[in-house]
There are 4 protein chains.
Amino acid sequence: MENSFGKLFTITSFGESHGTCIGIVVDGCPAGLPVSEEDIQREVDKRKPTSPIATTRAEEDKVEILSGIFDGHTTGAPICLLIWNKDIDSSEYERGRFLPRPGHADYTADIKYGDFNDFRGGGRFSGRITATFVMAGAIAKKLLNLIGVEVLAYTIEIGGIKAQPKGLDEIRQNADQAALKCADPEAAKEMLKVIEQAKGEGDSVGGIIEGTALNVPAGLGEPVFDTLEGDLAKALFAIPAVKGVEFGSGFSAARKRGSENNDPFVIRDGKIVTTTNNAGGILGGISNGMPIVVRVAVKPTSSIAKKQETVNIEKMEPASLEVRGRHDACIVPRAVPVVEAMMAVTLCDFAMKAGLIPEVIK
Amino acid sequence: MENSFGKLFTITSFGESHGTCIGIVVDGCPAGLPVSEEDIQREVDKRKPTSPIATTRAEEDKVEILSGIFDGHTTGAPICLLIWNKDIDSSEYERGRFLPRPGHADYTADIKYGDFNDFRGGGRFSGRITATFVMAGAIAKKLLNLIGVEVLAYTIEIGGIKAQPKGLDEIRQNADQAALKCADPEAAKEMLKVIEQAKGEGDSVGGIIEGTALNVPAGLGEPVFDTLEGDLAKALFAIPAVKGVEFGSGFSAARKRGSENNDPFVIRDGKIVTTTNNAGGILGGISNGMPIVVRVAVKPTSSIAKKQETVNIEKMEPASLEVRGRHDACIVPRAVPVVEAMMAVTLCDFAMKAGLIPEVIK
Amino acid sequence: MENSFGKLFTITSFGESHGTCIGIVVDGCPAGLPVSEEDIQREVDKRKPTSPIATTRAEEDKVEILSGIFDGHTTGAPICLLIWNKDIDSSEYERGRFLPRPGHADYTADIKYGDFNDFRGGGRFSGRITATFVMAGAIAKKLLNLIGVEVLAYTIEIGGIKAQPKGLDEIRQNADQAALKCADPEAAKEMLKVIEQAKGEGDSVGGIIEGTALNVPAGLGEPVFDTLEGDLAKALFAIPAVKGVEFGSGFSAARKRGSENNDPFVIRDGKIVTTTNNAGGILGGISNGMPIVVRVAVKPTSSIAKKQETVNIEKMEPASLEVRGRHDACIVPRAVPVVEAMMAVTLCDFAMKAGLIPEVIK
Amino acid sequence: MENSFGKLFTITSFGESHGTCIGIVVDGCPAGLPVSEEDIQREVDKRKPTSPIATTRAEEDKVEILSGIFDGHTTGAPICLLIWNKDIDSSEYERGRFLPRPGHADYTADIKYGDFNDFRGGGRFSGRITATFVMAGAIAKKLLNLIGVEVLAYTIEIGGIKAQPKGLDEIRQNADQAALKCADPEAAKEMLKVIEQAKGEGDSVGGIIEGTALNVPAGLGEPVFDTLEGDLAKALFAIPAVKGVEFGSGFSAARKRGSENNDPFVIRDGKIVTTTNNAGGILGGISNGMPIVVRVAVKPTSSIAKKQETVNIEKMEPASLEVRGRHDACIVPRAVPVVEAMMAVTLCDFAMKAGLIPEVIK
């Protein structure tokens, strides 16, 4: 079940970039949740490319519900969600069929699936597939909403430009609407310049996305293997271009003393909290009631116009290529809603394991 | 199956720090693999505390094979491996029962399992449990050895001191035997000073471990969810104290241009390789034949002698504590063989999914 | 993953009887298998109602491939197969919404999913869902064909009329084409009479289907829990109306002596075979190279025109109902291809576990 | 995870008949359940051989708890339960190493695991392994007890002698204590004669066991694949010698009219019940609140003293053998507590999926 994720709230993805459609089956969703195509469309729209940094592929990405919803509510049956592919132009890919693009899955897919791999537009390995994750995330977010959990993701770094930490209100507002999904508008301006410059040079830049989950009840997580960190990380590494995942103080913890990094417990408003959150809300693989904080490193877009060295795998001889197609010079902003979605899907699964979401919602 | 990991090569861990024993069941191992208690003991011994930085708990940690081996070979039946706990002193823990130690799972375990949690020595959340991972890893390494795969882990940073990159020979030699499992003896001396200084101050330090898998055949990994990165990360986050996982250029990729970070393909000795390895040997979630490179951030040991703020959860009042017990001022070296083990277990599972290891070894 | 089945060859079913569509995602199919919509249509057509005993719902049941096939071959990506629902008439069901039909899932679905259950035409519990199993089975049969395995199912009893055992040729011919999928034309005539008589009385009859898998290599099955019998049984009980599953001599073994029931081993044409097949081709949960033989008991169709006692669950008062709708007086013949499909799916999964089917088919 | 069963309440079995021990890991048990070795011993003792029909292997079968219990209660950690093997005599098996016993797994295990199979006493395929199922079942029964569910199994047929249906009180008393676990003492006398006669002739007999689960709440079961019937059947086919499983009217449903077999709904004491229980308490794969009724066919013991035809697989030549060893002339009574255990384990898993058993028991 390589294309399924989750134990009780399970998603099964299918579809290819240049095939008929992309879709996802969400299994295990309780009955009685109000869900409309608009609810899901709203989330999917956040993934849309925003000029001037993004692909010119003009997909409407219209969400269709194929099953599992009746009279505007989930029925307890699996929910199949679909987006038909429309603006397909595979000509460029035909030309490059035997020239694996550096940084892409072309070469490994060829090794694994041989000549049968659907190479058009990256096929199954395209970032486009993550639109299906966002559809599933839309449902997960609605379920989490029932128990007061809010999931937010936002850009905190692009091309070396770091955003200043911002308050929740600014994050909430900008994470969804700002072009770069960054809560710091000043930094965003600089980021945009860096992106445009890279684009102008036929190049691309990467960045870092932070995800936060608020009001997560203490007690989620199933050690020793099904830890909150482990499953969140697995979910996030399913996003193409993610090459690192850290929680709380993360890699910087490696340079801290225990006395700095340990989060002291105190009582506030009758509740046990920690004064700092170096743990990122997770101790022993289990949520401690503080915000879950995770950061993912997104590599620079692999598709670049600059000339690159590669190999013609048919003739087994050196070759070079310039990736034309239609691509984003920086994928970070479009990955933000996907991070949010995968966090929501994972937390939803854990909430169900913990018995926090009933089989029927009333 | 919170305490199980792996799909075809599956490990199921059990036991507590101060209970009767710790153990693991390895299911799915092909028949015909020569395995002795000595083979496994050798790996477990690498996790032994090394003075002067480590715990004074003096466990012999003698490995016993309870099932699955007959006439010196695996039979195809599940292999149960056990270590009896011997040097148990729970007195300190009884005293601190209602004082959750900052950075530890005490609080979250109490939330999740209530009064029934086995709090003695961290119980199920103790680093001691990872000795069972090492036992399973010993078998995984033997299986990987059959297809020429070598897994190596080694310390690359402790308390802010970074090791210089070293060649494979130095790594192979020092990763196993050096006190700090660091391939750079010069850096190791500095690291030791930092650890001793922290220890002297009743404090602790963290660090970074790098893991490398050599000769991994191209084609391992099952996108879109069961990616090599995702499953390796999940496996590594099962190690207590790990707070970050990155592959290849990892978080530094976020600051690179696509033209820098993409690994160009070339032909060498008739084989397709990449000239750099920013991908850490993984493209599209699938191995590309280059070395798998992963780094994990290990937080400073949570148990410190310094006075810390906490809460008495029984009386719900502020409290302070000094963790006495018997602890490591730096857990990094002892986590090295565990990283190696979890990498081996994960790669072994993928090798089996890819059909590279037969049901019977001849 | 209640709606998924299989470990390496995994199917995920979705859709409802009177919803937009019914569909299935087949994950884990190797790349390179030639698959066309016609291939799958051919299998689905075997499930079509055949006059005079069947429902008058006139569904074209046209198969559409949504993903996973490129240039006529599987790509290694998940294959989504769909049938749009067309001839929907839910009026009768609206009327009976609060009157659970005896023998149907109406009552238990209401208990489990509350008012949100899609009750129209049995919704998710309709026999119509099994058309999705047949689509997945079509692919499984093609994969099994590569290793020479043939799966056959056929009616051996309806309404108390037993068929005479027939040779493989007669079975092959009649299982697919004969109206009752029975290899014995004489018995089939009697069966038809019994069905027509029951139908005339507003009643229904059940029967027994036998499934055989030929040329199954010895060695398939994963004890102690993932036995061949266990997984085949689980797969077959997913077919609505199946209430019993037995292998080889099955329940009659309970009345035999060991000396009768044990199958003696002999050598024939240089191969070890058994002279009888009371084991149904399975010993210790593992195939022994003899034909796999399984029989499933199919209860009489629950939907009958005769007046039945029930309860109005809204008003909690006694009620009676006559099920009108459009139903089969005997579901047995239409279940035959479904038995075949579920056997194929299960055996395909085991063949993949045993490494008999490569990741890429050449 | 061939040796694991269950999704939330998961058991992982290990050990061999003539190895060091047999054991099981129970994962997912909530914290706070009082469990002692005596509790588990009591269930295991029901599986003990009872003269004069049984094996003379004299195993004390003393249960040891290795993990997961602290201060007399479950902790939420995995529970490892062990029985050391003591009365081992493998001499007979060495002699018959290359002579697969008809009806046994010797031949298929040899095919699957080659020369490495632990053939002594049937190794992993021995009925002795089911003692580990009973240990897990003891915990499952305690959990089910919390929600009022009672699981009972009892012999209803041996060697063709059928028991008369009896009331719950007689069943409760005799299922545990009577030598043949049959609620009908008159029939039991006849059964004993049949067994003794078979034994005298160096032969064996089979039989049928019925299992009932009382007070199962309506709503358990996860269609379309994780049905109550499907998972119970899979669990029961894990018991060696089981060759058929049926629910409610089972195979006899095939000969009934719909009007006979459908169970009419009525209101009794304010509750919806059915007047008959041909469904065996399951509709659409979901419990309907009526007793779950399942029957399993147990084949006659494969080990018989009578001379049997087989093949010397080393020399590939015809051979004959008389199985000496120490065996039961009828395994049915000893399988009764195993049926009970596997039913309990399965129902417990479903109860947890339905959220009926909390993470911590208070």
Side-chain angles (χ1 to χ4, degrees), chain B residues 1-4 6-16 18-28 30-33 64-82 84 109 111-120 123-125 129 358-362, chain D residues 1-4 6-16 18-28 30-33 64-82 84 109 111-120 123-125 129 358-362:
Chain B
M1 295 180 304
E2 41 198 60
N3 291 285
S4 293
K7 200 166 172 175
L8 294 184
F9 183 83
T10 313
I11 62 175
T12 299
S13 167
F14 61 89
E16 297 88 16
H18 287 212
T20 308
C21 64
I22 54 172
I24 202 151
V25 180
V26 178
D27 196 11
L33 183 75
E64 288 187 23
I65 296 174
L66 294 199
S67 71
I69 312 284
F70 175 52
D71 271 354
H73 293 77
T74 57
T75 62
I79 303 162
C80 183
L81 303 166
L82 209 82
W84 300 102
I111 290 285
K112 192 169 182 73
Y113 304 114
D115 293 346
F116 305 106
N117 180 49
D118 180 354
F119 56 85
R120 302 165 304 161
R124 183 76 192 135
F125 295 88
I129 301 308
E359 277 202 303
V360 179
I361 294 156
K362 279 157 195 172
Chain D
M1 294 181 303
E2 42 199 60
N3 290 284
S4 293
K7 198 165 173 178
L8 294 182
F9 183 84
T10 314
I11 62 175
T12 300
S13 166
F14 61 90
E16 298 87 16
H18 287 213
T20 309
C21 64
I22 53 172
I24 202 152
V25 180
V26 178
D27 196 10
L33 183 75
E64 288 187 25
I65 297 174
L66 293 200
S67 71
I69 312 284
F70 174 50
D71 273 354
H73 293 78
T74 57
T75 64
I79 303 161
C80 181
L81 303 167
L82 208 81
W84 300 103
I111 290 285
K112 191 169 183 72
Y113 304 113
D115 291 346
F116 305 106
N117 181 48
D118 181 353
F119 57 85
R120 301 166 302 163
R124 183 73 192 139
F125 296 87
I129 301 309
E359 276 201 302
V360 180
I361 294 156
K362 280 158 192 169

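Note: hydrogens, waters and symmetry copies are ignored here, and every other heavy atom, side chains too, is used. Because the structure is predicted, anything quoted here is derived from the model rather than measured. A, B, ... follow the sequence lines: proteins, then strands. Residue 1 opens every chain.
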task: Mind running side chain to side chain contact (heavy atoms under 4.5 Å, CB included) on B:F14 and B:V25 for me, showing each step along the way?
output: CA-CA 8 Å; B:F14 61 89; B:V25 180; 4.1 Å; yes

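If you take CD1 on D:I22 and CZ on D:R124, they are separated by 9.5 Å, rounding to the nearest 0.5 Å.
Using modelled atom types, one side-chain atom of D:S67 and one backbone atom of D:P78 make a donor-acceptor pair closer than 3.5 Å. Of the possible polar contacts, one joining the B:D27 side chain to the D:N3 backbone as a donor-acceptor pair under 3.5 Å is found.
Heavy-atom pairs under 4.5 Å with chain B peak, among D:G32, D:S13, D:A109, D:G23, at D:G32. The residue among B:I69, B:D115, B:L66 with the most heavy atom pairs within less than 4.5 Å of chain D is B:L66. For the set B:G28, B:G68, B:G19, the count of heavy-atom pairs under 4.5 angstrom toward chain D peaks at B:G68. Here D:R120 is the residue among D:K362, D:R120, D:E64 with the most heavy-atom pairs under 4.5 Å with chain B.
For B:I361, the part lying under 4.5 angstrom from a heavy atom of chain D is the backbone only. Heavy atoms of D:L82 lying under 4.5 Å from chain B belong exclusively to its side chain.
Ring orientation note: the planes of D:F70 and B:F119 are nearly perpendicular, at an angle over 60° on the 30°/60° scale.
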